[in-house]
Asker: 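Shown below is the structure under consideration.
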There are 2 protein chains.
Amino acid sequence: MATIEDVAKLTGLSRTTISRVINNHPYVSEEKRKLVLEAMEKLGYVPNSSARSLRNQKTSILALFIPRITNPFFSELVEATEIAAAEHGYQLIICQTRYSPEKELNYMNLLKTKQVDGVILASIQNEWKKLKPFLQYGPIVLCNEFDDCANVPTVRLDQVYGGYIATKHLLEQGHTKIAYCSGGYRSNVAQSRETGFKKALAEYKLTFDERYAFRDAFHIADGKRVFHQMMELFERPTAVFTGSDEVAAGIISEALRCGYRIPEDLAVVGFDNQAITELTNPTITTVHQPVKQMAQKAVDIIVEKIQTKKYDVQEIYEFPLQLIVRASTIGNKLHGSEA
Amino acid sequence: MATIEDVAKLTGLSRTTISRVINNHPYVSEEKRKLVLEAMEKLGYVPNSSARSLRNQKTSILALFIPRITNPFFSELVEATEIAAAEHGYQLIICQTRYSPEKELNYMNLLKTKQVDGVILASIQNEWKKLKPFLQYGPIVLCNEFDDCANVPTVRLDQVYGGYIATKHLLEQGHTKIAYCSGGYRSNVAQSRETGFKKALAEYKLTFDERYAFRDAFHIADGKRVFHQMMELFERPTAVFTGSDEVAAGIISEALRCGYRIPEDLAVVGFDNQAITELTNPTITTVHQPVKQMAQKAVDIIVEKIQTKKYDVQEIYEFPLQLIVRASTIGNKLHGSEA
DNA sequence: GAAACGAATGAAATCGTTTTCATATTCATA
DNA sequence: TATGAATATGAAAACGATTTCATTCGTTTC
């Protein structure tokens, strides 16, 4: 393995000059520069990353925290983040917290041990006060998930509005008994959507019915289960808001299998605008989230924070959400509700 | 930021002793050990990763190469790989080649610059002879994708068998006009499946019809397109083998939308056993791939290779595939073919 | 013609660890 | 009581880069 010393010896120059060539510093004669480049080529020399990291106090690695990558929303986020990071010359380490506060805290040591230059949190499993101390070691940027207490840059989507427009759409179709599905209690994303959901209900003088709330719906299978739970209710809902397209697809799939009609018997609205929304037979009305833009922005910001070294500023960047109306809420001009 | 020197000063000991405590070396008196641990706690000291990497010539980072992470098969692979890596104390850097040989080669420099201890290739975009030179810098393990020329450990699945059992299943249902879909020409995975497909055909004295071959099908949308291409053929196939559940789902979705019956008009077999196979209305017959086991094995092996430093050995570990029969090929005891 | 400046180069310190080697002490053994 | 091991500790040399500070040599400038 050739080192800078080998190149120096071969060229008869000092390490300093070699380093200057590597880093495109001025004050190197064209003659020597060529000599060095040839020697580097000949030796197959490439600077050692660890040595550079140590000397420069910089790893060019970012960490992205997500609960799990097989959730298509997070897949998309990882895809976009990796691409954006690469554009800035950064590598991306994936940290799957699997919803565990301990795992999250453990991964946070990547920042403390200087294995990464910064952390992007796309989900949060601990209270902010547990996370905050790590700010002294490097920048933390919130992306998607957020926390009002957190004094750090936050890139997020207007989830209240998302919950609101999706619900309002159902209300406009005449529905009054609308169930609510989400994934988890802890997430502020989910809570915001619920706020938007309730806001829309309130505008129609309706109150939130706890019996219609299912806050443990993450996957397709959960959607199928929730469908049955809804149908067992005394007063069945005629529409359902879900926090993910997978759950919506699960509900629809199970409903159809059991002989129900969508949206006539049950209108369903998803969230995320995943590929599967075009797959089910009534295609799925959903809320589009501009994941790419969000990821790009988060990376831009963290790169800037790494440079400026000012980490504890609360800046909020919010992107809009967009309702995509498809067939799962509007069936052949029929209204689904006969409240 | 506290360094080992600070701990040494605070305790009045040498860096050597601090290091011994950190690394659990023998020959440190219990008294001093406690003293050191207290000082570390007090200073919030944690060893610097870059310094350790440089000194130990080891980063504890692996790189995983995939075309793109939003393909659910690769999401699952990344998930399992990250978990397995974490168990061994390794971090995982994601490298999305996006099917580009240049990007792949570029990411390979992670190995050369010693930013990672090893590379797991889950897809291959270059000829092996382009990749081979990197072996002098660290271990490369093939996982999922493979190359017979490659003199490295390979963890793979028996794709010939996978293509064979899926096709044989269709043949057993009486089909004789079976279309073939795959994603890409270059991949040995796809080519092996095609070999298995042809082998099954041959056993039934049927020949491969190039007009029935669609080798550019990756996503749901491709499935929809391919469905129409198939239906425009003079002699329509009565069954179709696909290289992914997404494509299968796309075909089924579009077929249903256009009023065709599945499997009566067209039997469809997918690949991967993804969640969506349980979503479409006739659920999708597919081939299950033991992704977790494969990923776990690949990580186990690369960790071992990092230790033993013997990289250029061709060892092949093959896991079996399994046909999962669902409704998209067997409809209510009806046979779909009337050749 | 001296002073000042710019271009080109190198010696040595530095980043924060781990490891090698040396030294000192204790303790058992012949 | 000398001898050799086992235990406990530290000084200094690595690991492979970058940067600071000199130094040297031309070239301008007054």
Side-chain angles (χ1 to χ4, degrees), chain A residues 1-37 39-40 43-61 109-117 137-138 309, chain B residues 1-37 39-40 43-61 109-117 137-138 309:
Chain A
M1 192 96 329
T3 73
I4 200 170
E5 183 67 38
D6 298 326
V7 183
K9 280 205 180 114
L10 183 60
T11 55
L13 296 166
S14 72
R15 298 203 298 275
T16 313
T17 304
I18 314 301
S19 176
R20 287 217 179 85
V21 172
I22 295 170
N23 296 287
N24 285 314
H25 283 169
Y27 302 156
V28 178
S29 68
E30 200 48 47
E31 172 203 9
K32 301 283 161 73
R33 180 185 304 281
K34 262 192 192 156
L35 189 65
V36 169
L37 290 175
M40 281 171 38
L43 293 171
Y45 169 78
V46 148
N48 178 297
S49 292
S50 303
R52 287 191 122 174
S53 295
L54 175 58
R55 176 63 225 216
N56 295 336
Q57 304 284 48
K58 182 169 192 333
T59 62
S60 293
I61 304 179
N109 284 318
L110 289 174
L111 200 57
K112 197 169 179 183
T113 62
K114 293 280 169 202
Q115 193 153 23
V116 302
D117 290 339
Y137 307 111
K309 300 192 174 166
Chain B
M1 190 96 330
T3 71
I4 199 170
E5 182 68 39
D6 299 326
V7 183
K9 281 204 180 113
L10 183 60
T11 55
L13 295 167
S14 72
R15 298 204 297 277
T16 313
T17 304
I18 314 303
S19 177
R20 286 213 179 89
V21 172
I22 296 169
N23 297 286
N24 284 312
H25 281 171
Y27 303 153
V28 177
S29 67
E30 200 46 48
E31 171 203 8
K32 303 283 162 75
R33 179 184 307 279
K34 262 192 193 155
L35 189 66
V36 169
L37 290 174
M40 284 173 30
L43 293 170
Y45 168 79
V46 147
N48 178 296
S49 290
S50 302
R52 285 191 125 174
S53 295
L54 175 59
R55 176 64 224 213
N56 295 336
Q57 304 284 48
K58 182 167 191 336
T59 62
S60 295
I61 303 178
N109 285 318
L110 289 175
L111 202 55
K112 197 168 176 183
T113 62
K114 291 279 167 204
Q115 194 153 24
V116 301
D117 290 340
Y137 306 111
K309 300 191 172 165

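A, B, ... follow the sequence lines: proteins, then strands. Residue 1 opens every chain. These numbers come from the heavy atoms of this one structure, side chains and all, not from hydrogens, waters or symmetry mates. Keep in mind the model is a prediction, meaning the values are calculated, not measured.
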Asker: Quick one: Asn23(B) CG to dT19(C) C1', roughly how many Å, whole number?
Answerer: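 The answer, rounded to whole Å, is 10 Å.
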Asker: Can you pull out every salt bridge (charged side-chain N to carboxylate O under 4.0 Å, His left out) where at least one residue sits in residues 26-35 of chain A? Sequence neighbours excluded, please.
Answerer: Glu30(A)-Arg33(A)
Asker: Taking any atom closer than 4.0 angstrom to a non-hydrogen atom of chain B, what span of DNA chain D does the protein reach, first nucleotide to last?
Answerer: dT7(D) to dG16(D)
Asker: So what is the end-to-end bend of the helix from dG1(C)-dC30(D) to dA30(C)-dT1(D), with 5 pairs used at each end and the value given to 10 degrees?
Answerer: 50°
Asker: Run the side chain to side chain contact (heavy atoms under 4.5 Å, CB included) check on Asn48(A) and Gln57(B) step by step: do they pass?
Answerer: CA-CA 10 Å; Asn48(A) 178 297; Gln57(B) 304 284 48; 4.3 Å; yes
Asker: Taking any heavy-atom pair under 4.0 Å as a contact, classify Val21(B): base, sugar-phosphate, or nothing.
Answerer: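 If one applies the 4.0 Å heavy-atom cut-off, Val21(B) turns out to touch nothing in the nucleic acid.
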Asker: Which pairs pass salt bridge (charged side-chain N to carboxylate O under 4.0 Å, His left out) with one or both residues in residues 43-61 of chain A, sequence neighbours excluded?
Answerer: Lys58(A)-Asp117(A)
Asker: Give, for atom CG of Leu35(B) and atom OG1 of Thr17(B), the distance between the pair rounded to the nearest 0.5 Å.
Answerer: 10.5 Å
Asker: Rounded to whole angstroms, how far apart are NZ on Lys114(A) and C1' on dT17(C)?
Answerer: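 To the nearest whole Å, that distance equals 16 Å.
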Asker: Show every salt bridge (charged side-chain N to carboxylate O under 4.0 Å, His left out) that has at least one partner inside residues 1-12 of chain B, sequence neighbours left out.
Answerer: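 Every salt bridge (charged side-chain N to carboxylate O under 4.0 Å, His left out) pair that includes a residue of residues 1-12 of chain B, provided the two are not neighbours, is Glu5(B)-Arg15(B).
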Asker: What does Val7(B) touch in the nucleic acid at a heavy-atom separation under 4.0 angstrom: a base, only the sugar-phosphate, or nothing?
Answerer: nothing
Asker: What does the B/S/- profile of nucleotides 8-15 of chain C look like, 5' to 3', with a 4.0 Å heavy-atom cutoff to protein?
Answerer: BBBBBBBB
Asker: Measure the spacing between OG of Ser49(A) and CD1 of Ile61(B) and express it to the nearest 0.5 Å.
Answerer: 9.0 Å
Asker: Considering non-hydrogen atoms only, spot the tightest contact between Leu111(B) and Gly138(B) and give its length.
Answerer: CD2-O, 3.6 Å
Asker: Does some side-chain heavy atom of Val21(A) sit less than 4.5 Å from a side-chain heavy atom of Val7(A)?
Answerer: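 The answer is no; the side chains never approach within 4.5 Å.
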Asker: Do Tyr45(A) and Val36(A) have side chains that get closer than 4.5 Å, going by heavy atoms?
Answerer: no
Asker: Return yes if some donor-acceptor pair links the side-chain N/O of Gln115(A) with the main-chain N/O of Thr59(B) below 3.5 Å, else return no.
Answerer: yes
